[in-house]
A.B. asks: 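Okay, handing you the structure first.
Nothing here was measured: the structure is a model prediction, and the numbers come from that model. Note on naming: letters A, B, ... go to the chains in the order of the sequence lines (proteins, then strands), and numbering restarts at 1 for each one.
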Protein chains: 2
Amino acid sequence: MGKKKETITIYDVAHEAGVSMATVSRVVNGNPNVKPATRKKVLDVIRRLGYRPNAVARGLASKRTTTVGVVIPDISNAFYAELTRGIEDIATMYHYNIILSNSDLQKDRELQLIETLLEKQVDGLLFLGGEITEAHREIFSATPVPVVLAASRDEKKELPYVTIDQIQASKEATLILGHEGHQHVGFIGGPLTDSVNGYPRYLGYKEALKEMDIAFEEELIRLGDYRYRSGYKAMKELLENRPEITAVFAASDEMAVGALHAALDMGRDVPKDLSVIGFENIPLASQVRPLLSSVGVPMYDIGAVAMRLLTKYMNEEQVETGQVYLPYDIQLRESTRLKEWEEEKE
Amino acid sequence: MGKKKETITIYDVAHEAGVSMATVSRVVNGNPNVKPATRKKVLDVIRRLGYRPNAVARGLASKRTTTVGVVIPDISNAFYAELTRGIEDIATMYHYNIILSNSDLQKDRELQLIETLLEKQVDGLLFLGGEITEAHREIFSATPVPVVLAASRDEKKELPYVTIDQIQASKEATLILGHEGHQHVGFIGGPLTDSVNGYPRYLGYKEALKEMDIAFEEELIRLGDYRYRSGYKAMKELLENRPEITAVFAASDEMAVGALHAALDMGRDVPKDLSVIGFENIPLASQVRPLLSSVGVPMYDIGAVAMRLLTKYMNEEQVETGQVYLPYDIQLRESTRLKEWEEEKE
DNA sequence: ATGAAAGCGCTAACAG
DNA sequence: CTGTTAGCGCTTTCAT
């Protein structure tokens, strides 16, 4: 087994083919300025020797690595996994590879990852989910490497991003509940300190209540961590403290399904006694009974569009707007009673 | 905004600190052979200049990139996402970054990805899920870069891998169904041509039947694609053609949950009329009602152990066995009637 | 269309 | 403990 084979370089190929390194480089890079005959000759030698270009050397010489860094909160989260798939597919399409790393939303880890990625000379950076602090801004603005945020936004609009209008989406979800006639609609959210997801979704809920003249009640609010268990617990408490509650908007599908089950376990019928609507529309929503109604976030598209946007920056193409909001759609299924919904987007 | 800042190199630091490049290199790499005073001086300059080592140059010079390539079937699949998390965590622990790419189990794509990863000079390769063909073997054996398979195995045992004993696990799951007293236990599997997952899981099922003297019936077998819908469809057909069926083993949780719902929709009670057991034990299993019993595959651990094993190879440490089988555990929940199970592993 | 040569930024002997 | 000096393998002017 040829484990010991000497690494063969562009020089070897050049030598063997009787041409210069420059020529080999040209054919490897598809430069048209090579006589077909020589090209063929070189290609043959390449094949015969099993030459494999060294991308690291190439990167050093050309200052392009065709690699982009992706900082993500947690790949084992269905939401981000799907988003990453979108990123990777487009990256592949444009011949980029991605270096993936999980931040768990920890600020210092994020910063450190970005630093490492920059050291590795990535051509671009995709930053997902986390909040943008001054420290982030500083490091981003000090590098020539383009950065695009995905599934989050930069209030100062200094950085390009692609996401959906979370406030509007949450508002609409809550509005739907209101239109079903509920007077007590609860909210199961994420941390309000999470300005990326937690707070906007909460805001949308509040705005909807206001628009419908339903009194906002602190007691109808429960906060979790977006996971199933916390949704279950939240719903249980809600039902215990305010049995008159008949609808709830959850800021994530996992929490919504948790809520669903809590209600079922407490003898409530969904959607007869209680309407539940979730957020994200991950596969889970269509894999439980009753089927969960949910705000459909185009995760794959967010990733794909963000990556596409990044390629434009990397190619120094002109970009009209760096801030893009993708459309979301509300999937009304079995956990709510309303079956149709048409709202004017402003 | 300093976007235009000239890239500052190790030379600049050396010059500014009044030392040689070698010394700067030493402090950057934590080489102890540097007088504390000089170290401090250099460190100060580094900070002041905002010097960031160029990992590409370093990689070229040292022939180590501290990057490993990961070829995965599909990151948006919960199973692989969790596995990847295990990989990444251990990689981080050992200061490696990972380049992730999806193969969708397409042979040529796999091969091409491996090629690209090798061009990028990864220090190691983690290959997930796919079958190992001659072409794979050829390229793997021709490179000095260590390769570890995760969640799949190499029948020829030429390559190291970490996985679980799928045949045994499937057999045990089926055995449980048998011990509940069922005489007609169905099987909802993946493609039998899939020698990594589909076939072994089918084999285990058959072996169990044999051991229990239950006749194997072609009609009780349905094949899907591991996804929810195919499980639903399979169960529906099973119930229509063989209404006497009272138990089914599904080769994936998604299919199992699909089966569960199909049974429910057809008026069966689970587990009173029908026992269902899945495979993988992904979060979904604990997020449906009734809670799904499932063969627990330690996905995170498989990833973590595989990565750990890879680090050993990369460090040229001695490795006892390159073939590791991790333990699985069977989670008996609400979709089966048996609540305890103790089987002697051979 | 092709070649020569100067780097890219860093590591790794080797001296001292 | 520190400096010198070759490269690492490739791209990229600049000539020819």
A.B. asks: If you assign each of Val34(B) and Ser62(B) to its closest nucleotide in DNA chain D, which residue comes earlier from the 5' end?
C.D. replies: Val34(B)
A.B. asks: Which whole-number value in Å describes the distance from Leu49(A) CG to dG9(D) P?
C.D. replies: 14 Å
A.B. asks: Starting from C1' on dC8(C), measure out to CD1 on Ile10(B) and report it in whole angstrom.
C.D. replies: 14 Å
A.B. asks: Kindly indicate whether the side chain of Tyr325(B), heavy atoms from C-beta on, has any atom under 4.5 Å from the side chain of Val162(B).
C.D. replies: no
A.B. asks: Donor-acceptor check, side chain of Asp123(B) to backbone of Arg64(B), threshold 3.5 angstrom: yes or no?
C.D. replies: no
A.B. asks: State plainly whether the residues Glu115(B) and Lys120(B) are in salt-bridge range, i.e. N to O under 4.0 Å.
C.D. replies: no
A.B. asks: Give me the ring orientation class for His136(A) and Phe140(A): parallel if the planes are under 30° apart, tilted from 30 to 60°, perpendicular past 60°.
C.D. replies: tilted
A.B. asks: Round to the nearest Å and state the distance from Leu118(B) atom CG to dG9(D) atom C1'.
C.D. replies: 16 Å
A.B. asks: For DNA chain C, whose closest nucleotide is more 5', that of Val19(A) or that of Lys63(A)?
C.D. replies: Val19(A)
A.B. asks: More than 12 foreign heavy atoms under 6.0 Å from CD of Glu317(B): is that the case here?
C.D. replies: yes
A.B. asks: Closest approach to the side chain of Ala57(B), judged atom by atom: which nucleotide of dG9(C), dT11(D), dT2(D) is it?
C.D. replies: dG9(C)
A.B. asks: Base, sugar-phosphate or nothing for Asn54(B)? Non-hydrogen atoms, less than 4.0 Å.
C.D. replies: sugar-phosphate
A.B. asks: Decide if atom CD of Glu138(A) counts as having more than 12 heavy atoms of other residues, nucleotides or ligands within a radius under 6.0 Å.
C.D. replies: no
A.B. asks: Between Tyr11(B) and dT4(D), is there a side-chain N or O to OP1/OP2 distance below 4.0 Å?
C.D. replies: no
A.B. asks: Please report the distance, rounded to the nearest Å, between NZ in Lys41(B) and C1' in dT2(D).
C.D. replies: 10 Å
A.B. asks: Can you check the Arg39(A) CZ to dA1(C) C1' distance for me, whole Å?
C.D. replies: 11 Å
A.B. asks: Run the numbers on Ser195(B) and Glu131(B) for side chain to side chain donor-acceptor pair (under 3.5 Å), then give the verdict.
C.D. replies: CA-CA 7 Å; Ser195(B) 75; Glu131(B) 220 160 328; 2.9 Å; yes
A.B. asks: Counting just side-chain N and O atoms, does Thr38(A) come under 4.0 Å of either OP1 or OP2 of dT2(C)?
C.D. replies: yes
A.B. asks: Under 4.0 Å between a side-chain nitrogen and a carboxylate oxygen: does that hold for Arg48(B) and Glu16(B)?
C.D. replies: yes
A.B. asks: Take the protein atom CG of Asp12(B) and the nucleotide atom P of dG9(C), then report the distance between them rounded to whole Å.
C.D. replies: 9 Å
A.B. asks: So does Arg58(B) get a side-chain nitrogen or oxygen closer than 4.0 Å to the phosphate oxygens (OP1/OP2) of dG9(C)?
C.D. replies: no
A.B. asks: Would you list the protein and nucleotides 14-16 of chain C atom pairs, both N or O, that sit under 3.5 Å from each other?
C.D. replies:
none

A.B. asks: How many whole angstroms separate atom NE2 of His15(B) from atom P of dT4(D)?
C.D. replies: 13 Å
A.B. asks: Can you see if the side chain of Asn29(A) gets near the phosphate of dT11(D) - specifically, an N or O under 4.0 Å from OP1 or OP2?
C.D. replies: yes
A.B. asks: For a quick check of understanding: with a heavy-atom distance under 4.0 Å over all strands, which category does Thr23(A) fall into, base, sugar-phosphate or nothing?
C.D. replies: sugar-phosphate
A.B. asks: In this structure, how many angstroms lie between the P atom of dC10(D) and the CG atom of Leu60(B), rounded?
C.D. replies: 9 Å
A.B. asks: Looking at dG3(D), dT12(D), dA1(C), which one has an atom nearest to any side-chain atom of Ser20(B)?
C.D. replies: dG3(D)
A.B. asks: If you restrict it to nitrogen or oxygen atoms, what contacts under 3.5 Å exist between nucleotides 5-7 of chain C and the protein, and what is each distance?
C.D. replies:
none

A.B. asks: Does one side chain, of Tyr80(A) or Asn102(A), offer a donor that lies under 3.5 Å from an acceptor on the other?
C.D. replies: no
A.B. asks: Salt bridge or not between Arg85(A) and Glu82(A)? Use side-chain N to carboxylate O under 4.0 Å.
C.D. replies: no
